[in-house]
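Just follow the structure's listing: the first ligand is 1, and inside any ligand the first atom is 1.
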Amino acid sequence: MAVYTDIAEDDLKWFLTEYDAGSLLSYKGIAEGVENSNFLLHTSKEPLILTLYEKRVEKGDLPFFLGLMQHLAARGLSCPLPLPRRDGALLGSLSGRPAALISFLEGMWLRKPEAKHCREVGRALAQMHVAGAGFELKRPNALSLDGWRTLWEKSEARADEVEPGLQDEIRSELDFLAAAWPKGLPAGVIHADLFPDNVFFLGDQLSGLIDFYFACNDLLAYDVSICLNAWCFEKDGAYNITKGTAMLEGYQSVRPLSSEEIAALPVLSRGSALRFFLTRLYDWLTTPEGAMVTKKDPLEYLRKLRFHRQVVSPAEYGLSQ
Ligand SMILES: Nc1ncnc2c1ncn2[C@@H]1O[C@H](COP(=O)(O)OP(=O)(O)O)[C@@H](O)[C@H]1O
Ligand SMILES: N[C@@H](CCOP(=O)(O)O)C(=O)O
């Protein structure tokens, strides 16, 4: 459960007076998520999500994230909208943390996504990439090559506790990626964390995307590789080419990938697997006992990284000709 910061009812009631949100009927911490503290609020007007921004979120980045949701929603993408306060600001403060109220999105995330859902996710990702064009704020990806190295330096000394030999393996992976990372591919606003728990469905219909708190400017095909990693592997570690094909077809039905982007998929997928391995490894080693959060297994992403390392052709991801 991701509730790092508790809130007192009186403080919350005071916080809500800054908004035209009705009066508080109930609130509870949400038993999902990793990064921030989230609460579901019922008010006399409408259900709302209250987010308290935690450790990995820079306060200076919040206008980018909240403004992006407004930009995307205005262009027809289904995503939550931040509620403005009476003074027009999108951000307030509660329990000593930056805090925002955002609209409640109907739907549920899928515990067992199928190929048809991967197709929808591919399509929605491409729609987001297209809709993101013209968003005027910029945010470089803090979790790309330099950020990975910084993160790695914080875990490196203890990495072999998790699996013997990890230190050498990750050092040489970082060197490989620094040398092989593609340049000049189409770039724009990417979601950067479009995992199953951040995509809501009503039945088989995708109802919206949430959790834009890693969004940034980076290579669009890198975002595709994040989704291949997050959606197209089975629990036993096997890559599911049917899901990969569906994901890539869905994406390309909206935004065709260039031959350069396709050729770069194996390297990009190594990078995105490493990125999630590193944040998970860091959290694994540092999350304090008693924090109400379910730690995610870094080794799942190490296995994915090893898969991508032995890919010889992007066709192995399931590209239809
Ligand atoms: N706008 C929303 N509408 C409905 N539920 C939401 C919304 N935002 C977050 N949630 C709920 O909170 C959970 C955690 O949100 P998320 O943004 O993924 O947190 P974190 O940034 O901490 O990972 C989601 O899985 C979902 O259940
Ligand atoms: N998707 C990341 C963790 C970030 O959590 P989220 O709840 O913000 O999606 C991972 O799986 O490592």
| field | Whether Ser103 lies under 4.0 Å from ligand 1, heavy atom | value | yes
Report the part of [X] in contact with ligand 1, treating N, CA, C, O as backbone and CB onward as side chain, heavy atoms under 4.0 Å; options are side chain, backbone, both, neither.
X      : value
Ile30  : side chain
Leu40  : neither
Asn36  : both
Asn198 : side chain

| request: Using non-hydrogen atoms of the residue, decide whether Asp197 is closer than 4.0 angstrom to ligand 2. | output: yes
For [atom], the protein heavy atom that lies nearest, with its residue and separation:
atom                    : value
atom 9 (C) of ligand 1  : Ile210 CD1, 3.8 Å
atom 3 (N) of ligand 1  : Leu105 N, 2.7 Å
atom 2 (C) of ligand 2  : Asp193 OD1, 3.6 Å
atom 5 (O) of ligand 2  : Val34 CB, 3.5 Å
atom 15 (O) of ligand 1 : Asn38 ND2, 3.4 Å
atom 12 (O) of ligand 2 : Arg280 NE, 2.7 Å
atom 8 (O) of ligand 2  : Asp211 OD2, 2.6 Å
atom 7 (C) of ligand 1  : Ile49 CG1, 3.4 Å
atom 25 (O) of ligand 1 : Glu32 OE1, 3.3 Å

Ionic contact status for [Y] with [X], cut-off 4.0 Å:
X      : Y      : answer
Lys304 : Glu300 : yes
Glu32  : Arg111 : yes
Asp283 : Arg280 : no
Arg139 : Asp218 : no
Glu9   : Lys13  : yes

| So which of Leu177, Leu143, Leu151 actually passes side chain to side chain contact (heavy atoms under 4.5 Å, CB included) with Arg275? | Leu143
Which atoms of ligand 2 are found less than 4.0 Å from any heavy atom of [X]?
X      : value
Asn198 : 9 (O)
Phe195 : 1 (N), 10 (C), 11 (O)
Phe276 : 2 (C), 10 (C), 12 (O)

| said: If the cut-off is 4.0 Å to any non-hydrogen atom of Ile102, which atoms of ligand 1 fall inside it? | reply: 1 (N)
| task | Heavy-atom contacts with Pro80 under 4.0 Å: which atoms of ligand 1 show up? List them by number with element. | result | 1 (N)
| query | N/O to N/O below 3.5 Å, does that happen between Glu35 and ligand 1? | reply | yes
| note | Of Leu52, Asp211, Leu81, the residue with the heavy atom nearest atom 16 (P) of ligand 1 is Asp211
| query | Out of Phe200, Phe212, Phe195, Phe214, who gets a non-hydrogen atom closest to atom 26 (C) of ligand 1? | reply | Phe200
| query | Given the rule in the ring-ring contact (aromatic ring centres under 6.0 Å, His included) test, do Phe212 and His191 qualify, once you have shown the distances and angles that lead to the verdict? | reply | CA-CA 6 Å; Phe212 289 82; His191 184 286; 4.9 Å; yes
| query | Which atoms form the tightest heavy-atom contact between Asp193 and Asn198, and what is the distance? | reply | O-ND2, 2.8 Å
| remark: What one should report as the nearest heavy-atom pair of Gly107 and Leu202 is CA-CD2, 3.7 Å
| task | Please report the C-alpha distance between Ser272 and Asn229 in whole Å, then the side-chain angles of each, then the deciding distance to 0.1 Å, and finally whether the side chain to side chain donor-acceptor pair (under 3.5 Å) criterion is met. | result | CA-CA 8 Å; Ser272 53; Asn229 270 315; 2.9 Å; yes
| said: Between Leu278 and Tyr301, is there a side-chain heavy-atom distance shorter than 4.5 Å? | reply: no
| task | Decide yes or no for Thr245 and Thr242: does some side-chain heavy atom of the first lie under 4.5 Å from some side-chain heavy atom of the second? | result | no
| Path from Leu101 to Leu105 over hydrophobic side-chain contacts below 4.5 Å | no
| Knowing that exactly one of Tyr222, Phe135, Tyr251 qualifies, which makes a ring-ring contact (aromatic ring centres under 6.0 Å, His included) with His129? | Tyr251
